[in-house]
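All remarks here apply to the structure that follows.
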Amino acid sequence: MCGIIGYIGSRQAGPILLEGLKKLEYRGYDSSGIAVIDDGVISVIKSVGMIKALDEKSKGGSVVSGTVGIGHTRWATHGAPSDENSHPHLSSDKRFAIVHNGIIENFESLRTELKSLGYKFTGETDSEVIAKLIQHHYCGDIISTLRTVITRLEGSYAVGIISADKPDALYAIRKDNPLVVGLGDGENFIASDYTAALEHTKNFVLLGDKEIAEITATETKFYDVDGKQIKKKPYTVEWNIEEAQKGGYAHFMLKEIFEQPRALTRTVRPRIAGDEIKLDGIEFDGDYLSSLERIDIIGCGSAYHAGIVGKSFIEKHCRIPVNNILASEYIYSDPITGPKTLTVIISQSGETADTLSALKIAASRGSRTLAVVNVVQSAIARAADDVLYTHAGPEIAVATTKGYTTQIAALYLIGLKIALKKGSITVKRYKELLSGLVTLPQTVEDMLSEAEVKKVRKYAEKFHNQKCVFFIGRGTDYAASLEGALKLKEISYIHAEAYAAGELKHGTISLIEDHTLTLALVTQEKLYHKMESNIKAVKSRGGTVIALASRANSKIKSCTDMLLTIPDCDDDISPVLTAVQLQLFAYYIALKRGCEIDTPRNLAKSVTVE
Ligand code: AGP
């Protein structure tokens, strides 16, 4: 996600901002920029692409002189990576510059209002409205102006602000997006995370939600939204830079597992208004849906598995046949497709070569293409007719976690929107599932509580030397087990196989012997008894079984060796919860085995070759 750095002190700000942005590169970005107050005028330098380009353009930050400035690395959410969309953004009168992390959910209405007042916008971003809004409400007193702006913004934001009218101060506001104030010696900083300022100071203050920071070289003041000054207690961060980039987690993968509640919120919440699902302008009109004969869901690896989970949900609620097809198979299959098939393309990176090729073939045969992608303006996003971004934020670990679960959440949104439009779901059931989606991030948060994670870790460590692990389930649990097996394989190098539980007896059960480990997913209430007999079949051959069950099915403990549970949730959206448990299971096994978790051998984060 985006990165923020701000500086005020006696040194030249440009080079410090550049160095700070380099420390934020790990967060993933596609453009960057700095703004410095240079003799009463705000100078802005931006560049698309890597920081290296900005470094060259700004000659290491030396082309601007001044001791107050802000910098930003942008992870595009609204609007392509471009100079116009990069931050810092200027007010129309060029007296203010801002950098922003987060998503302003009411930016369209604010933009319309400001345009009607004569403000001109240079880019397509949500962030730009903040700069214009500050100018519009500026009354000579910046604190009072920012208090007003805070009351007008909806969504999540961490904002750094500089003003040509107040060249001896740096300002910051935030809500639901982290921002810290770094306290130096005769100089101070703002940063989206410690990494950007850690080489200058280990003393920080956390800015609270809807609070305002007014920072000079020697003093920091904090105000609440009512303008009351508040005291803040500084704290010391004893991390080194590398630890700071992982937010204190041992690996990016673990950090991204725990980021899933926030990532799922970003996928789902901005698209639900009351009982209505809005898919960023993507519509399925009645005629199109009545002509629709099939949906093909195409992807690779975990994206393919997300599609299988999506198939189960979409077929059940939309009553449209869904095919899951591996992209690498699709491109050489001379596919039967056309205008009566909707092709849903899934890809976290949006750059997977096989998946991009599959999209082009489907499109060339007249099928409408809808991409579910995380990276904005990636090749797949640009090639598709429609794109629904997952907004999971950059995923650094090769093994996908939040990328996968947000793909599933996006497919649930698409499925519910189609089902309601088609009338293939009752309003009651639609509302139940919508409510389950809205509360899903909190359910995941609850599940990531200390106790549950400790239990998963205990079982994972107990079985870290297994030669082979089976994952079995039925229906949507079978779909979820596919991803569980892949996660374990790709980071622990243990062979694992997912099996439809009902299929085990048709051959593979011959592999079960004393102590062979099987993870049995038992979240579907209506399949409980079937799973019970499958588990007993494994046990009777000496196998060891860990059940991963909903709390309602926890009685399955009576016939298994161990039990992991997921919080009760709607059966139809349980795969997100089981995914998180199985991610943790794989992670702790790989950790115990001393594997290179974030960069597993032989794997790349994005396979851009066929
Ligand atoms: C997932 O953990 C793997 N890294 C891999 O299977 C991945 O899902 C696959 O390569 C597809 O990548 P994409 O989603 O970026 O297209």
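Order of appearance sets the numbers: ligands from 1, and atoms from 1 within every ligand. We count residues from 1, following the sequence as given.
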Heavy atom of K487, distance to ligand 1 below 4.0 Å: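 Distance cut 4.0 Å: K487 passes for ligand 1.
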Using a strict threshold of under 4.0 Å (side-chain N to carboxylate O), is an ion pair present between [Y] and [X]?
{"X": "D561", "Y": "K462", "result": "no"}
{"X": "R319", "Y": "E315", "result": "no"}
{"X": "E490", "Y": "K487", "result": "yes"}
{"X": "R368", "Y": "D386", "result": "yes"}
{"X": "D296", "Y": "R294", "result": "yes"}
{"X": "E84", "Y": "K46", "result": "no"}
{"X": "E256", "Y": "K402", "result": "no"}

Near [X], which atoms of ligand 1 are under 4.0 Å from a heavy atom of that residue?
{"X": "T352", "value": "12 (O), 13 (P), 15 (O), 16 (O)"}
{"X": "C300", "value": "8 (O), 9 (C), 11 (C)"}
{"X": "A399", "value": "2 (O)"}
{"X": "Q348", "value": "13 (P), 14 (O), 15 (O), 16 (O)"}
{"X": "G301", "value": "6 (O)"}

Just distances here: any N/O of [X] and N/O of ligand 1 closer than 3.5 Å?
{"X": "V398", "value": "yes"}
{"X": "S347", "value": "yes"}
{"X": "S349", "value": "yes"}

If we set the cut-off at 4.0 Å for heavy atoms, which region of E490 has an atom near ligand 1: side chain, backbone, both, or neither?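 It is the side chain that touches ligand 1; the backbone stays farther off.
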